[in-house]
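Chain letters run A, B, ... following the sequence lines, proteins first, then strands; residues in each count from 1. The structure displayed is predicted, hence computed values, not measured ones.
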Amino acid sequence: MALTPVQNQTPAFTAAVAACAGGFFGLFVGTAQGSGLLGLVIGAVLLGAMGFAFTHMLDQQKPIRWATTAIFGVLGFLFGGLPAAVLGLLFGWFAGWFTFWLATSSYRKRLPPYLTPGQVLWHFSFRVICGAIFVFLITPILVVMPLSFNAENFFTFTPEMLRFDPEGYSLRHYRDFFTNDDWQQALWNSLSIAPMATLLSVSFGTLAAIGLSQPHVPFRRAIMAVLISPMIVPLIISAAGMYFFYSRIGLQGTYFGVVLAHAALGIPFVIITVTATLVGFDRSLTRAAANMGAGPITTFFRIQMPLILPGVISGGLFAFITSFDEVVVVLFVGSAGQKTLPWQMFTGLREQISPTILAVATILVGISICLLTTVEFLRRRSERLRGMSPS
Amino acid sequence: MSDTTQSGPVLAADGTPLKRSLARALRMQKVRALMLIAPLLLFVLLTFILPIADMLFRSVENRIVSDTLSETVVRLEDWDALSGETPDEAVYESLYYDLFVAAEAKEHTKLGTRLNYEQTGISSLFRGSGRKVDDIGEDHVKAIERASDGALKDEALWFEIMTGGSNAEGNTALLDAQRLKMEQLTSESFAADIGFVPGAEISELFPRMAVAYTDFALFTAVADEDVVAEEDPWETVFVAFAHSVQADGGAEALASYSGPGAAELQAAAAAIADLEPIAFKTAFLEIDEDWGDLGNWRTMQTYSPTYTSGYFLNSIDMQKGPEGAEPRPENQQIYMTLFVRTMIMSLMITGSCILLGYPVAWILANLPTRSANMLMILVLLPFWTSLLVRTSAWKVMLQQQGVINDVLVWLGLVGDDARLVMINNQFGTIVAMTHILLPFMILPMYSVMQTINPTYLRAAKSLGATNWTAFWRVYFPQSVPGIGAGSILVFILAIGYYITPEIVGGTKGVFISNRIAYHISSSLNWGLAAALGSILLAVVLLLYWAYDKIVGIDNVKLG
């Protein structure tokens, strides 16, 4: 769908802009090879020429773009082997796309016709800035993944890895995770603490959320403030308080103590998600059920529960991930017998023992992707159930 | 015109006045709601609020000095700290008995550690003196033991002397008082029956000796679980006897004594008659000359009350001097710097989150739903990823052999020998925490920006506003609530962060929370940790209150 009718650009404009882009990339390649200035000039001339030439061959866009990608790939391979070939392919694809994008004025198509050139430039600069921020958000998580397949005991990319040499990759850190007793014990501890804590916070939290969403609740604000406070109070303070208090009453260093502490930390998440679900709950449904002779318990389990279940489950998932990720409180309230996965990672990071941490991190990212998908799915289902349009 | 056939209040179906009936229904509803909330509220109070209250209490509690040196503390009250002279003999005498019992119960080192927070060197003073305190009055003890062919080496005889024989009147008041003292000292129960009650006669004639023997009896029976009559009494009993016999009126008291072992005691008194009376002050100064140091005594006097503001003063780099609060020496001031650094760095993190979050929130709110949802995943994925995964990722990225440095070196922007130091300093902490907290900024901003009507912006432009004016005068003011909500949330979270600064912060990039953790787990100065925590908590609660006023806690949204 084109908002604005467009005309092809002049060769001069295309060549000039493409030369700027070429110069920009050439500068980096040039400094990497020893001479920034030379790189800049070569890049600018190369892309400028491409821009000039391509404006005359607009009818053969597809084959030219393929050709550019291939040529740059081959050039890269000749220069620096496999890694440079990959970079060359990527750059070739980009150069081809960018030149034709300029030459055919496609960039202008989707923008309102009244924008000035300055505004068009700002529009795309803004997108580039946003893109950079998204890169900032996601890169750290992506970087961890390939590193976890490192064959060496390093936290960095080895030359073998960069050459895409199969020798440089291995599953040894994953093997270590699945065979090392420390890690297995930690995993087992995490898996036995988190579900119990979740169960506690979900059962208490759901009841309270139903109570809080009744029309007349005295001191609602104050109660809410108290119930949300575990999320707001810094973890180190919660941990300190619980450490002092639980050691007074003999819960410090016990499984039960850690479960109680984690349940307290998970409660705000359950309260928030379940009350949010209950906001759209139609009370006449429960009244109708009562009218037809159902007792309060039947009404709750047959009418209310199925409707708010998505909210309860996503609250539970939040509580689970809180407990599963939590390290500060368990560090103080737990003892060596309750060493959880995050605790083990924390010790590993402080002493930098092995990249097994990165293997664990990759597995955890996988788990969080699953959880994220589930929560998103549940949110949509809940909105559909309550008759809201999914957004 | 209404046709009213009845007067008085309107009635409900069952005949009660409608008003009362409604009030009852409303009350029922309230009670039912509260009943549903009650279990959780109780749970949170017990597992969360009570521990926090306990921490606040710990930040002012200071029982250890008066519990361990119960008598010395009372005597020391009268000492004038500014007189320039050490306390008098009576204080040292009390110190001898207190320290002896404390050393037997191994509590004196704890007290030493506690006082060492305020005055360096006290810890070793107490530890060393605890070992040597039973040497005081050694000559007297030996002389008494040798008297009348070692009759007083007999444990059973001592037991008989102190009880006053099988049918003698007992002094249960003394026993109860000492029971309480030992309980406070050791924090354990001394309620068990010990098979010993001090005799009324002996405790009247030789009160000090009775106290010393009662302490010994309690400790032997309860802590060591031995039989009192079968154990050698502590040296304090001998010293107390020697000291009171050689004091004024001691000889008369002994002469009037006619209970069990009177003859042996007479002989013992005769045996020590040639020795100099025990001088406690001199003896202590011989053990360690630091007992003559005014600063040590001042510290003990200052920290003798049960509650103290000392921990709070300490956490704002002050200390208690002889004339009230005073600043600490320059080289010991660390906490104010840390508080200020925590504040400034949290502000910088919040600032960079606003800077990075605003464009992202804007583009999410203004793109078509489909692409916005796709991009939203890029925001939510870090949000859902484990905190430690993200922190370890930043360690991988920022370290000197890390990804960023490798790329920069490869591009030739920095030399291989001049790799940037980006970790273990403030920069590392700020970058990593900005990344970790960015979703908490984007999500509230996004939910506010979604509600801003895009036609306002177009209207402004059609009225002749430039792009900038339209944004600044029309769009930005409407997005301020989102910025406010996000900023307070991020600031609250940042100010109490522990894990990330600990791993990527080195020494220059740590927060006050790291210091709190250090005091809990390494230096064991729990009172100071509690005081620092209380100050941090106060700041956070203030912000929480502001957040509640501005945004309302009901409006917190997750994902």
**Request:** Can you tell which part of A:A263 gets under 4.5 Å to a heavy atom of chain B, answering side chain, backbone, both or neither?
**Result:** both
**Item:** Portion of A:V360 that has a non-hydrogen atom of chain B nearer than 4.5 angstrom
**Value:** neither
**Message:** Aromatic contact between B:W384 and A:F318, with the criterion being ring centroids under 6.0 Å apart: yes or no?
**Reply:** yes
**Request:** Please test B:F48 against A:V226 for side chain to side chain contact (heavy atoms under 4.5 Å, CB included), starting from the C-alpha separation and ending with a verdict.
**Result:** CA-CA 10 Å; B:F48 187 76; A:V226 169; over 6 Å; no
**Asked** Side chain, backbone, both or neither: which part of B:I404 has a non-hydrogen atom closer than 4.5 Å to chain A?
**Response** neither
**Prompt:** Going from CG on B:L34 to CZ on A:R220, what distance comes out if it is rounded to the nearest 0.5 angstrom?
**Reply:** 12.0 Å
**Complete:** Pair count under 4.5 Å, heavy atoms only, with chain A: among B:T391, B:I516, B:V360, highest is B:V360
**Fill in**
If you tally heavy-atom pairs under 4.5 Å between each of B:P382, B:G357, B:G533, B:G496 and chain A, the highest tally belongs to B:P382
**Request:** Kindly say whether B:D548 contributes a backbone atom to a donor-acceptor pair with the side chain of A:R221 at under 3.5 angstrom?
**Result:** yes
**Message:** Less than 4.5 Å to any heavy atom of chain A: does that hold for the side chain of B:Y497, its backbone, both, or neither?
**Reply:** neither
**Message:** For A:L260, which atoms come within 4.5 Å of any heavy atom of chain B: side chain, backbone, both, or neither?
**Reply:** both
**Contact class of A:F332 relative to chain B, heavy atoms under 4.5 angstrom** = side chain
**Item:** chain B contact via A:F28 - which portion, at a heavy-atom distance below 4.5 Å
**Value:** both
**Asked** Side chain, backbone, both or neither: which part of B:L537 has a non-hydrogen atom closer than 4.5 Å to chain A?
**Response** both
**Request:** Name the option with the most non-hydrogen atom pairs under 4.5 Å to chain B; the candidates are A:V327, A:L207, A:I237.
**Result:** A:I237
**Request:** Starting from the C-alpha separation in whole Å, work towards a yes-or-no answer on side chain to side chain contact (heavy atoms under 4.5 Å, CB included) for A:I232 and B:Y547.
**Result:** CA-CA 10 Å; A:I232 298 293; B:Y547 187 82; 5.6 Å; no
**Asked** Is chain A contacted by the side chain of B:I49, its backbone, both, or neither, given a heavy-atom distance below 4.5 Å?
**Response** side chain
**Fill in**
Turns out that what part of A:A264 lies under 4.5 Å from chain B's heavy atoms comes down to both
**Message:** Using heavy-atom distances under 4.5 Å, tell me whether B:I512 contacts chain A through its side chain, its backbone, both, or neither.
**Reply:** neither
**Message:** Classify the ring geometry of B:W362 against A:F126: parallel below 30°, tilted from 30° to 60°, perpendicular beyond 60°.
**Reply:** perpendicular
**Prompt:** Would you call A:V144 and B:S392 a side-chain contact if the rule is heavy atoms closer than 4.5 Å?
**Reply:** no
**Message:** Heavy-atom pairs under 4.5 Å with chain B: which of A:I129, A:L265, A:L142, A:I138 has the most?
**Reply:** A:I138
**Item:** chain B contact via A:I271 - side chain, backbone, both or neither, heavy atoms under 4.5 Å
**Value:** side chain
**Request:** Compare every heavy atom of B:I37 with every heavy atom of A:A208, then report the nearest pair and how far apart it is.
**Result:** O-CG1, 3.8 Å
**Prompt:** If you tally heavy-atom pairs under 4.5 Å against chain A, which of B:I499, B:V31, B:I492 wins?
**Reply:** B:I499
**Complete:** Heavy-atom nearest pair, B:M55 first then A:G241, reads CB-CA, 4.0 Å
**Message:** Within the structure provided, determine whether B:R390 and A:P140 are in side-chain contact (heavy-atom separation under 4.5 Å).
**Reply:** no
**Request:** Considering only heavy atoms and a distance below 4.5 Å, find which of A:G205, A:S368, A:G30 pairs most often with chain B.
**Result:** A:S368
**Message:** Distance check, rounded to the nearest 0.5 Å: A:L372 atom CG versus B:T385 atom OG1?
**Reply:** 8.5 Å
**Request:** Check for a donor-acceptor pair, side chain of A:H216 on one end and backbone N or O of B:K30 on the other, with a separation under 3.5 Å.
**Result:** no
**Contact check, side chains of A:V233 and B:Y544, non-hydrogen atoms, under 4.5 Å** = no
**Distance, nearest 0.5 Å, that separates CG of B:L356 from SG of A:C130** = 10.0 Å
**Item:** Sub-4.5 Å side-chain heavy-atom contact between A:V365 and B:V389
**Value:** yes
**Message:** So, taking the atom named CD in B:E502 and the one named CZ in A:R350, what distance separates them when rounded to the nearest 0.5 Å?
**Reply:** 4.5 Å
**Residue part contacting chain B, namely of A:I267, when any heavy atom lies under 4.5 Å** = side chain
**Complete:** So, the part of A:L364 with a heavy atom under 4.5 Å from chain B: the answer is side chain
**Prompt:** Given the options B:L375, B:I52, B:L56, B:L493, which has more heavy-atom pairs under 4.5 Å with chain A than any of the others?
**Reply:** B:L375
**Prompt:** Quick one: what part of A:F134 sits under 4.5 Å from any heavy atom of chain B, side chain, backbone, both or neither?
**Reply:** side chain
**Prompt:** Should B:F43 and A:L227 be marked as a side chain to side chain contact (heavy atoms under 4.5 Å, CB included) after you check the CA-CA gap, both sets of side-chain angles, and the distance that decides it?
**Reply:** CA-CA 10 Å; B:F43 182 80; A:L227 295 185; over 6 Å; no
**Request:** Please test B:L36 against A:Q214 for side chain to side chain contact (heavy atoms under 4.5 Å, CB included), starting from the C-alpha separation and ending with a verdict.
**Result:** CA-CA 10 Å; B:L36 284 169; A:Q214 306 280 325; 4.2 Å; yes
**Request:** May I ask you to test the B:I503-A:F346 pair for a side-chain heavy-atom distance under 4.5 Å?
**Result:** yes
**Item:** A:L27 versus chain B, the contacting section by heavy-atom distance below 4.5 Å
**Value:** neither
**Request:** Could you tell me which portion of B:V409 (side chain, backbone, both or neither) has an atom closer than 4.5 angstrom to a non-hydrogen atom of chain A?
**Result:** neither
**Message:** Test your reading of the model: is there a side-chain donor-acceptor pair from A:Y246 to the backbone of B:T47, 3.5 Å cut-off?
**Reply:** yes
**Message:** Between A:S229 and chain B, with a heavy-atom cut-off of 4.5 Å, which part of the residue counts as in contact: side chain, backbone, both or neither?
**Reply:** both
**Region of A:L251 in contact with chain B, defined by heavy-atom distances below 4.5 Å** = neither
**Request:** Quick one: closest heavy-atom pair of B:L388 and A:P342, and the distance?
**Result:** CD1-O, 3.0 Å
**Request:** Under 4.5 Å, counting heavy-atom pairs only, tell me which of B:L536, B:L387, B:V403 racks up the most with chain A.
**Result:** B:L536
**A:I367, part contacting chain B, at a heavy-atom distance under 4.5 Å** = neither
**Prompt:** From B:M397 CE over to A:L147 CG, what is the distance, rounded to the nearest 0.5 angstrom?
**Reply:** 10.5 Å
**Fill in**
Given A:F204, A:F244, A:F219, the one with more heavy-atom pairs under 4.5 angstrom with chain B than any other is A:F244
**Asked** Less than 6.0 Å separating the ring centroids of B:W526 and A:F245?
**Response** no
**Asked** Between the side chain of A:Y243 and the main-chain N/O of B:S521, is any donor-acceptor distance below 3.5 Å?
**Response** no
**Asked** Is the backbone N or O of A:L349 less than 3.5 Å from a side-chain atom of B:K395, with the two atoms forming a donor-acceptor pair by type?
**Response** yes
**Request:** For residues A:L137 and B:L378, determine if any side-chain heavy atom of one lies less than 4.5 Å from a side-chain heavy atom of the other.
**Result:** no
**Request:** Decide yes or no for B:R58 and A:R248: does some side-chain heavy atom of the first lie under 4.5 Å from some side-chain heavy atom of the second?
**Result:** yes
**Message:** Once rounded to the nearest 0.5 Å, what's the spacing between atom NE2 of B:H435 and atom CD1 of A:I133?
**Reply:** 12.0 Å
